[in-house]
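Given the structure is predicted, the values throughout are model-derived calculations rather than measurements.
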Amino acid sequence: MGTHWTLTGKEVPIIGSDAVRWTDLSVPSSLNTTVDGGAAITDDCASCSVIGDPPTYLIWRIHKAQPQTLELLELTASKEFPRVGLRFTFPNALYPFAFICKNEITGSSRFPYLLYVLTVSGVAYLLRIRNVSAYASCSILPVDELIELNVRDYVPNNAAITAVTATARCLVIGTADGSVLCFQLGGLDSSVPGFVHELRDEAGIGRLWGLISRGKMVGTVQDLVISELYGKKFVFALHLDGTLRIWDLASLSRVFSHNMCVMTMTGANFLRLWVGQSDPNSNIIPLAILYRHTSDENLETISLHSILFDFKDKTVFSLEPSVQNIPLEEGRCLDVKLVSDKIWILKDNELVSHLLATNIDELVLKRATCAMQVTKEESGLLWACYRGSLTLLFKMVIPSLARDWVEAFSYALQEEFVADQLFQNSEHLADEILRITHSIFKSSKDDILPFVSSIFLRRLLLPGVHHNAALLATLAEYNRHLGESELQTLTVDGLKKEILSLIEHEVGSDKVSIVHCWKCFFARYFHNWCKNNALYGLLVDSSTVAVGLIRKKSVSLFRSLEDIERIVEGSSEEVSELTGIVDLFDDDIECEILIELLKCVTSFSQQLGKTASSIFYESLLTAPMISSEDIVHCIVKVLETGYCISGAVLRGSTSGDHTIFLQKELTDHRSLRKLSVDMFLSLQGLYKKASTWDKILNVIEGLLKFLVPQKEMLKFDTEMSSNINSSIMVHSSYQIAKVMFESAWDFLLFLSYLVDISGQVHLSPDDITKIQLELVPMLQEIIFEWLVIIFFAITPVAPAVTEDFHSKLSSLQIDNNMGKQIWSEKFARCDLTLAFIFLLNVRGSSIDHSHFSSERFSNMPSSINRMRDFISWIIWGQDGGSSTFLSRSIDLAFILFKHDQYCAAEQLLMMAEAHLLKEKTSQSVQDADGGWCIRHHLLGCCLLAQVQYGLHAAQKDKKISDAIRCFFRSASGNGASGALQSLSVDVGIPHLGFSGCTLIVVWKLQYYQWAMQLFERYNISEGACQFALAALEQVDEALHMKEEKCVDNSANESVTTIKGRLWANVFIFALDLGRYYDAYCAIISNPDEESKYICLRRFIIVLYEQGAIKILCSNKLPLIGLVEKVEQELAWKAERSDISAKPNLYKLLYAFQLHQHNWRRAANYMYMYSARLKTEAALKDNQGSSMVLQERLNALSAAVNALHLVHPAYAWIDSLTDRNSLTSECYPSKKAKRTPEEYSDNEAETQKGQFAIDIEKLENEFVLTSAEYMLSLVNVKWTFSGKPGALSDLADLLVQNNLYDMAFTILLRFFKGSGLKRELERVLSEMAIKCCLDKVESTWIEEHGHLLTSSKLEMVVHGSPVTVPTAPQIDRNSRWATLKLYIVCIFFSFTVGLKLILLYDQPV
């Protein structure tokens, strides 16, 4: 028998069907049954029940690896694929059968479905099924929700059960001895008479004899089917010997019996039976029987029969004599469905369909005309004979065709697509990727290998290729054990990192090439993909003729093919049958040229087209290292001269022996030479047939128009939603776009090659010009449009980001957009692509959708219609009004931005920009309507929005830089003012908030201020600072132009006010960036005095908080005119800051004044510091702290040193009690000491206040503080009270603690004349008394003397802190020796007139 195979459809996986979480339910049993060891099921099985209107699709599966479990999924076409399913676990293995129907018994609202199953042990179960969500917390099915029955108790002779079927309230089983039993399970109680009936051939008394002789009359029941005809239910039973019997379930009587061996093959084994729906017009029931030849068990055949029925007087069935046999040449039959006028046959390696016998006559005539190669006139005559009175004669003339020709329709399964994407069709395809990449990109290995990995990774994660179970199994083989829930929570980026880390680990551990690792990974993944997507059964909705597949862990539907797919994936000979393409041409010659041209392009693309298109596609979607034009040029060079790659580079990037490399290079060279020769001969033959290249190019141009996305006028206003049908539509769009993209790429490569060899094929300059200026730009436009469709269809949506307070607040509004809010919650799922976002905005179709409502699964033609509408909406818009897709891309980018898909929107705009640069090579890229400005404005918003979401520092800086550039370009483009101000609030991007700016400078001023505020909102000070400076440049001219044009200044702001505000912003942004010099420059540039001083105060505060306050004391900041203000702010801050804060502001003021050569102010601040230390120490009861006293000594010493730099007449500072303001006094001395002639005593006395503090007073305080410090070191607390006798008491206290140096220093400093003599006598007497009391001399005597010399006194007075050991000051020999030393020194001091003398080393 001849079979004509026509590729008709393609499988489309339902997104999300591989990510189902199962709710496990255990089914209890009260029956004790035994199971035969050989009764386990040998095949996986699945089916689908369509219930209700609108329908609910209930899919069940039974795996042979888990025969005790049954999986149940509830699908609705108007909803997304369910994320949760039910998994029932039974006590024993199940028979490969299940039946689900609507519950028409009591309590149907709570239990909408009934489930019939049968275990291999003979126990039948009837389960009342609730909604899936109701089982969330259950683990065991309640006993009152099931009925169980051991049917073996009713089977005669304990015969084995061989077949089972069911309908509502009825279970029918067939046995090995040919018996058929009917149980009213769910309808009657098992104890009620009539619960079970045996369906027999005879009635009445004769049944007894029938029972006795039944074993000889019929064979084992092989299959049972229940069919409903006009409200009556009939049981069809097929027996092993070929007997087909039909019973009426209402009367329990047999209405038909016939042995099918007579019509098929004698001795064949009959296996399965399928019954189709009746045709009400012809009263025919189609029937399909599967039988196996006894001579060859691998040879199976399906025979198609027609049964006539008549219910007028009585029930009459009769069999039509015609038979249609369909041999199953390869593969095992898994499932068969009879739908409408076709039979669908699912084998383990393919899906085919055949027309039923009712349509075979027209089919035979169609094929007869093809076989006889008749002309159009002869074909018309044959059709007239067929339709007229010569129909019978026609069939008599060509009976062999009527018998032997069979029309078969094939359907591309997903295995073909996955194998193609994973380079499983040829082991060299993956190597070609690396070889071509090395030939194209002249860069290092570090740049090429990540690019190659991105190609492999993108293919792996394609919708339809990516499968959770397959990926988990593959990762487990690499010892990466992830849980299913853990995998589903991974984002796309996280998944990429996981896979890339695995590949990199394999490369490093085994020292093999990265391509080799990817090839191994792909091979394992493909094996696991096929294993986890094994074919189980067919899914059919007879009302819409929608056909799908039930796989092990996924579900899919089928769609029709576009004409271009029939050409590319089918046969070029089918071009003449595609009216859509044939209508483009005028005569048969052009059709012949087209056929030859397609053969030429196909053979050309098979050389490098598949792999080269992957590289070209990846370069368009990623940041390209080389332009697309250069890629085309390089690939053409590869086709002409071979790969431009050194052996060393190739050996470093691939794995294998050197000999293999040489053989591969030789093979490639031969292949390219053969391609060149074949192409030359084909082009020469094509040129001879067309006679001119112009005619060939016209044919190419006509075909290219066929590749352009169709423009549909969308009419209806129903909003599309995310459901199974829309999922099919989105994935179909990708499949079509991929074919269109690759076809356009093949033609682009072909035309480029043609131009390159133009001299060899006689291509004229005019022909070359037409190719380069007309055909190539057309192809680039087509490629770009289909590229965007692919990008939307395969790019996952970005995960949801944490919203800030403002965005949450703005979302608190009551409206009717609840559907959109639900959508937003789903965007975090990685199986949703960008195309689903557009479903919220798609409205309309030019097709009448009533016949494929969204409440039912779409059939194959309607899927294509939906896909065309969707693609038309993306490319041309709602009403098809977009003149070019470049303008349309802006609208799409707005939608993406509105749904927080900033990266996707950026990528779309960048692709549009790159394409625009190709288009506008000879003219300005800026259009007059401001679209170029809107594109850059939106691109800037996208870049800016991405900055806040976890980018690396380098990425973040680049995004900011690009965003700044985009906003500047947008503001300066043609028509920017009108275009950007016309954007509404609803577009989703930050609104400008102003309008009416017609003057360019005024527009730029307003726009730059808006951009400044936008960057400030995102805490990006760099950009905000740049736009503030840009706005400053426009202020003068903008206000001047307003005045000249008499434009109303609604804000009524002066130039000073505007500049002051902008300079203040510049100051803030520079300060945030840590650019203190720029911040200070902004302060001194600010014309608004009030704003300037506010900024100055803020400047000082920030410097202090950031620990950078010392910058004020350097030469980096020009403080001209602001010295006093800076000092005031520092002093104000110092007075109100904690005295222990770091850095210390008093010390800073001291250094600041020293830097300004203002010594008295410097001394003043250090004295204030010492006073605050003293006051706060007293308040904190910390007066005697040695650390505080040490700090006070340092401060007093610094004050004394500073005053010594001033002329003695002015060496004083104000008392704290006589000072109202720290900076209210004018100090005349800002330089070092001046000569006495320059000063007037009267002037000095006039300026010196009554309570002024001079150097002597500071030195006195320093000495007293030194004494207090030394006492604190020996844990003695003392504070100078100022009372009479306090100094004498201090001297005594110092003597008591052996601090003799300090004691004599106090006496010599504060006492004069007789008072000094008296105090010296008293102190010496006290020392003598201590010597008398000390009878035991010390064992340690200091080598040098302890009397204070004049040089040491001078050092103390002039500010160095006194540091002494805490040990007593004694001589080496005794206290007497010490006393002698002091007496001698004092004696000589008075006789010579010196205050102190040097201390001798030897004792007197």
Side-chain angles (χ1 to χ4, degrees), residues 11-22 24 41-48 59-73 75 81-87 96 331-332 334-335 346-351 412-424 457 459-490 495 498-499 502 520-539 548-557 727 731 829-831:
E11 183 183 3
V12 184
I14 299 177
I15 302 300
S17 60
D18 63 326
V20 178
R21 299 189 307 272
W22 298 102
D24 291 302
I41 65 172
T42 57
D43 294 321
D44 302 303
C45 57
S47 186
C48 176
I59 296 176
W60 60 267
R61 299 190 190 100
I62 299 177
H63 308 284
K64 64 180 179 182
Q66 296 175 314
Q68 292 178 287
T69 62
L70 180 142
E71 296 174 353
L72 184 63
L73 286 171
L75 277 64
F81 196 91
R83 294 285 166 172
V84 180
L86 299 179
R87 183 159 54 193
R332 185 169 53 90
L334 299 180
D335 198 3
L346 177 64
K347 297 190 288 185
D348 55 7
N349 59 353
E350 65 177 342
L351 173 67
L413 298 183
Q414 190 67 8
E415 281 84 350
E416 300 177 20
F417 171 76
V418 176
D420 180 63
Q421 295 301 311
L422 300 181
F423 304 114
Q424 298 303 301
L457 198 57
R459 285 174 169 258
L460 181 65
L461 298 180
L462 284 175
V465 178
H466 170 63
H467 190 276
N468 284 347
L471 186 58
L472 281 174
T474 308
L475 293 176
E477 293 178 7
Y478 285 90
N479 295 322
R480 295 287 181 92
H481 300 282
L482 296 177
E484 187 173 350
S485 59
E486 184 180 358
L487 180 65
Q488 293 182 10
T489 56
L490 283 177
L495 195 58
E498 189 72 27
I499 298 173
L502 185 148
C520 295
F521 187 89
F522 273 16
R524 293 186 179 187
Y525 182 85
F526 182 68
H527 171 75
N528 290 318
W529 191 97
C530 295
K531 181 179 179 182
N532 286 280
N533 285 275
L535 297 171
Y536 273 28
L538 286 169
L539 182 157
L549 291 181
I550 304 172
R551 294 178 175 269
K552 182 178 181 180
K553 291 186 178 180
S554 63
V555 182
S556 58
L557 293 175
S727 171
H731 196 71
R829 299 204 324 240
C830 61
D831 58 354

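- In this structure, Arg459 forms no cation-pi arrangement with Phe522, as its terminal cationic atom is not both closer than 6.0 Å to the ring centre and no more than 45° off the ring axis.
- Side-chain atoms of Asp335 do not come within 3.5 Å of backbone N or O of Leu346 as any donor-acceptor pair.
- Scanning all heavy atoms of the two residues, the minimum distance from Glu415 to Cys530 falls at CG-SG, 4.4 Å.
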Would you check, one step at a time, whether the test side-chain contact (heavy atoms from CB on, under 4.5 Å) holds for Leu549 with Glu11? CA-CA 8 Å; Leu549 291 181; Glu11 183 183 3; 3.7 Å; yes
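- Atoms CZ and CG, from Arg551 and Asp44 in turn, are 13.0 Å apart once rounded to the nearest 0.5 Å.
- With sequence neighbours left out, Lys553 forms a salt bridge (Lys or Arg N to Asp or Glu O under 4.0 Å) with no residue at all.
- The CD atom of Gln68 sits 9.5 Å away from atom CD of Gln66, with the distance rounded to the nearest 0.5 Å.
- The salt bridge (Lys or Arg N to Asp or Glu O under 4.0 Å) test applied to Asp24 returns Arg87, not counting sequence neighbours.
- When all heavy atoms of Phe417 and Val465 are compared, the closest pair comes out as CE2-CG2, 3.5 Å.
- With contacts defined as side-chain heavy-atom distances shorter than 4.5 Å, the pair Ile550/Cys48 qualifies.
- Scanning for ring pair (Phe, Tyr, Trp, His ring centres under 6.0 Å) contacts around Tyr525 gives an empty result, with sequence neighbours left out.
- Proximity of Ser554 to Ile14: side-chain heavy atoms (C-beta onward) are nowhere separated by under 4.5 Å.
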Step by step, would you call Leu73 with Arg61 a side-chain contact (heavy atoms from CB on, under 4.5 Å)? CA-CA 9 Å; Leu73 286 171; Arg61 299 190 190 100; 4.1 Å; yes
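- Shown here for Ile62 and Pro67, the closest heavy-atom pair between the two residues is CG2-O, 4.2 Å.
- We find the CG-CG distance between Leu495 and Leu490 to be 6.0 Å, quoted to the nearest 0.5 Å.
- Lys347 contributes atom NZ, which lies 11.0 Å from atom CG of Leu413 (distance to the nearest 0.5 angstrom).
- No side-chain heavy atom of Glu71 sits less than 4.5 Å from a side-chain heavy atom of Val20.
- Between Tyr536 and Leu334 the shortest side-chain heavy-atom distance does not fall below 4.5 Å.
- Between Val12 and Ser556, the shortest heavy-atom contact is O-CB, 3.3 Å.
- Pro13 approaches Gly464 most closely through the heavy-atom pair CG-CA, 3.8 Å.
- The distance from the CD atom of Glu477 to the CZ atom of Phe521 is 9.5 Å, given to the nearest 0.5 Å.
- You'll find the side chain of Leu422 stays beyond 4.5 Å of the side chain of Trp529, heavy atoms only.
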side-chain contact (heavy atoms from CB on, under 4.5 Å), that's the test. Do Val418 and His467 meet it? Break it down for me. CA-CA 11 Å; Val418 176; His467 190 276; over 6 Å; no
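- One distance of note links CG of Leu535 with CD of Glu350; it measures 10.5 Å at 0.5 Å rounding.
- Ile15 has its side chain out of reach of Phe81: every pair of non-hydrogen atoms, C-beta onward, lies at least 4.5 Å apart.
- In terms of heavy atoms, Ala19 sits closest to Arg83 at CB-NH1, 3.8 Å.
- At least one side-chain heavy atom of Leu482 sits under 4.5 Å from a side-chain heavy atom of Leu472.
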Ile499 vs Leu471, side-chain contact (heavy atoms from CB on, under 4.5 Å): CA-CA, chis, key distance, verdict: CA-CA 10 Å; Ile499 298 173; Leu471 186 58; 4.2 Å; yes
